[in-house]
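So you know, we letter chains A, B, ... as the sequences are listed, proteins then strands, and number each from 1. Just so we're clear, the structure is a prediction, and the values are computed from it rather than from any experiment.
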There are 2 protein chains.
Amino acid sequence: MPRPKAFDEDQALDAAMRTFWANGYEATSTEDLCRATGLGRSSIYNTFTSKHELFKRALVRYTELTTTGQLTLLDDETRPAKDRLRDLFDAVIEGEVENRRGERGIGCLTVNTTVELAGRDHEAAELLARDQQRRLDAFEAVIRTGQRDGDITSATPPAELARFLTAVIAGMRVAGQGGADIPTLKAIASTAMGAL
Amino acid sequence: MPRPKAFDEDQALDAAMRTFWANGYEATSTEDLCRATGLGRSSIYNTFTSKHELFKRALVRYTELTTTGQLTLLDDETRPAKDRLRDLFDAVIEGEVENRRGERGIGCLTVNTTVELAGRDHEAAELLARDQQRRLDAFEAVIRTGQRDGDITSATPPAELARFLTAVIAGMRVAGQGGADIPTLKAIASTAMGAL
DNA sequence: CCTGTTTTGTATTGATCTGTCCAAAATTAG
DNA sequence: CTAATTTTGGACAGATCAATACAAAACAGG
């Protein structure tokens, strides 16, 4: 029987994900990935095939972790719609608090990848589109509920409000990477909530 | 007396700027820059010193062109504040219409650079911070005027509204790069304007 | 037309990049 | 303990990277 791997695959994937997240795809070398994961080249190529394949898996893992967490908040039908949206913004800000390098945020891997790769990496673009659709659908459902129940007074179509909120969140991520502090991000979120 | 350059420096800078804009800093090779500008390596290094120096000049040029254009709209005191903000959003969307590659936008060089480089390129980060401050100041002044004149009813502090609007614009850029079409971008802008 | 200066094209450097190769080490089943 | 299989480390291959060297071409002033 085969010799078992001496490392945990998911743990290695997390380390790779974090490296791509912090430095981007192009600026991350395979040696960076070796250092971050603690693995040798052979182990990496043996289990993940190529840098690009590893990146795709890291991206999928990121979206699974974050989007699933966000959908859990958004789909909680025991709470009023507007509260759920507020919870989501709080979670986004909480994430920004946790993921800082110096005085700046490291952003969000999906936003970073959209900016860096979506225009020339068809596979990454497709993964991102799928993830985005999941989030848009969840937003739309919450907003629809909120409008029905009256805690969202804006008459703008749910799909448009959903697009608006995802754009604001992306903008907050960029602002964080540009050096905006946490109170500033909270103010942006609060203003966005005011639009509902 | 010296032999004159056989090319227009600003024209070459524009071509380089556009290449960095469309592909990012890391993904742009010096050979890409030669092809885009039509120059040989020697000419490029002779006039721009290095890839990084050329990038900084391209970034400065980009901010000069776009931010100056935006400030012209925002500072036009002959028009009501809210109209000026609407004009700005229209201009942003107009820019997105013009700068598309296939079905996606190529974003905004300042947003792209914030995402790709701000965290590890101190010089780029400083250029971006200066440019952002100019825009924030202009936004703040318009908003203050609008609140005084009554066409902006939100009581949120001008500085916070300014941050909100720049975040929304960054988010629109990201959305465009993610494949959002023009009507979608218009809906986002219109919702943002509703928050005022 | 010549002289001095700069630009420009080409070849090249040395570093770094992704990915492969191969043999040694490690592990389990029998 | 042996055989079969996989992982692992380190060296290596080939391509590409940013940047330089250098000589020839191009130009302006006298």
Next on the checklist: I need the full list of salt bridge (charged side-chain N to carboxylate O under 4.0 Å, His left out) pairs touching residues 46-63 of chain A, with sequence neighbours left out, sorted by first then second residue.
Outcome noted: A:Glu9-A:Arg57, A:Asp10-A:Arg61, A:Asp14-A:Arg61, A:Glu53-A:Lys56, A:Lys56-A:Glu123
Item to check | Value in whole Å for how far the P atom of C:dC22 lies from OH of A:Tyr45 | outcome: 18 Å
Item to check | Atom pair distance, as rounded to whole Å: CD in A:Glu9 and P in D:dT8 | outcome: 11 Å
Checklist entry - Hey, does B:Thr47 reach any base, or is it just sugar-phosphate, or nothing, if we go heavy atoms under 4.0 Å? => result nothing
Checklist outcome for this item: Quick note, ring-ring contact (aromatic ring centres under 6.0 Å, His included) partners involving residues 162-188 of chain B, not counting sequence neighbours, are none
Item to check | Non-neighbouring partners of B:Asp121 that pass salt bridge (charged side-chain N to carboxylate O under 4.0 Å, His left out), sequence neighbours left out | outcome: none
Item to check | Separation of D:dA19 P from B:Asn46 CG (nearest whole Å) | outcome: 14 Å
Checklist entry - Residues two or more places apart in sequence or in another chain: which of them pass salt bridge (charged side-chain N to carboxylate O under 4.0 Å, His left out) with A:Glu26? => result A:Arg120
Checklist entry - How long is the line joining CG of A:Asn23 and P of C:dC17, in whole Å? => result 12 Å
Next on the checklist: Listing request: all salt bridge (charged side-chain N to carboxylate O under 4.0 Å, His left out) pairs with a residue in residues 89-111 of chain A, at least two apart in sequence or in separate chains.
Outcome noted: A:Glu96-A:Arg173
Item to check | Contacts of type side-chain contact (heavy atoms from CB on, under 4.5 Å), residue B:Ser42, not counting sequence neighbours | outcome: none
Checklist entry - How would nucleotides 9-14 of chain C be written as a contact map, 5' to 3', with B for base contact, S for sugar-phosphate-only contact and - for no contact, using protein heavy atoms under 4.0 Å? => result BBB---
Checklist entry - Rounded to the Å, how far apart are A:Lys51 NZ and D:dA15 P? => result 19 Å
Item to check | Sorted by number, the residues of residues 26-34 of chain B with heavy-atom contact under 4.0 Å to DNA chain C | outcome: none
Checklist entry - Rounding to a whole Å, what distance do you find between B:Phe48:CZ and C:dT7:C1'? => result 14 Å
Next on the checklist: Could you tell me how far apart A:Glu53 (CD) and C:dT18 (P) are, to the nearest whole angstrom?
Outcome noted: 15 Å
Item to check | Summary of salt bridge (charged side-chain N to carboxylate O under 4.0 Å, His left out) pairs that have at least one residue in residues 183-196 of chain B, sequence neighbours excluded | outcome: none
Checklist entry - With sequence neighbours left out, what residues match B:Pro80 under side-chain contact (heavy atoms from CB on, under 4.5 Å)? => result B:Asp83, B:Asp151
Item to check | B:Phe139 side chain near B:Ile169 side chain, heavy-atom distance below 4.5 Å | outcome: yes
Checklist entry - Where along residues 113-120 of chain A does a heavy atom come under 4.0 Å from DNA chain D, residue by residue in number order? => result none
Item to check | Within-4.5 Å side-chain heavy-atom neighbours: B:Thr63 and B:Arg130 | outcome: no
Next on the checklist: B:Phe20: which residues meet the ring-ring contact (aromatic ring centres under 6.0 Å, His included) condition with it, sequence neighbours left out?
Outcome noted: B:Tyr25, B:Phe55
Next on the checklist: In whole Å, I'd like the distance from the CD1 atom of A:Ile44 to the P atom of C:dT20.
Outcome noted: 14 Å
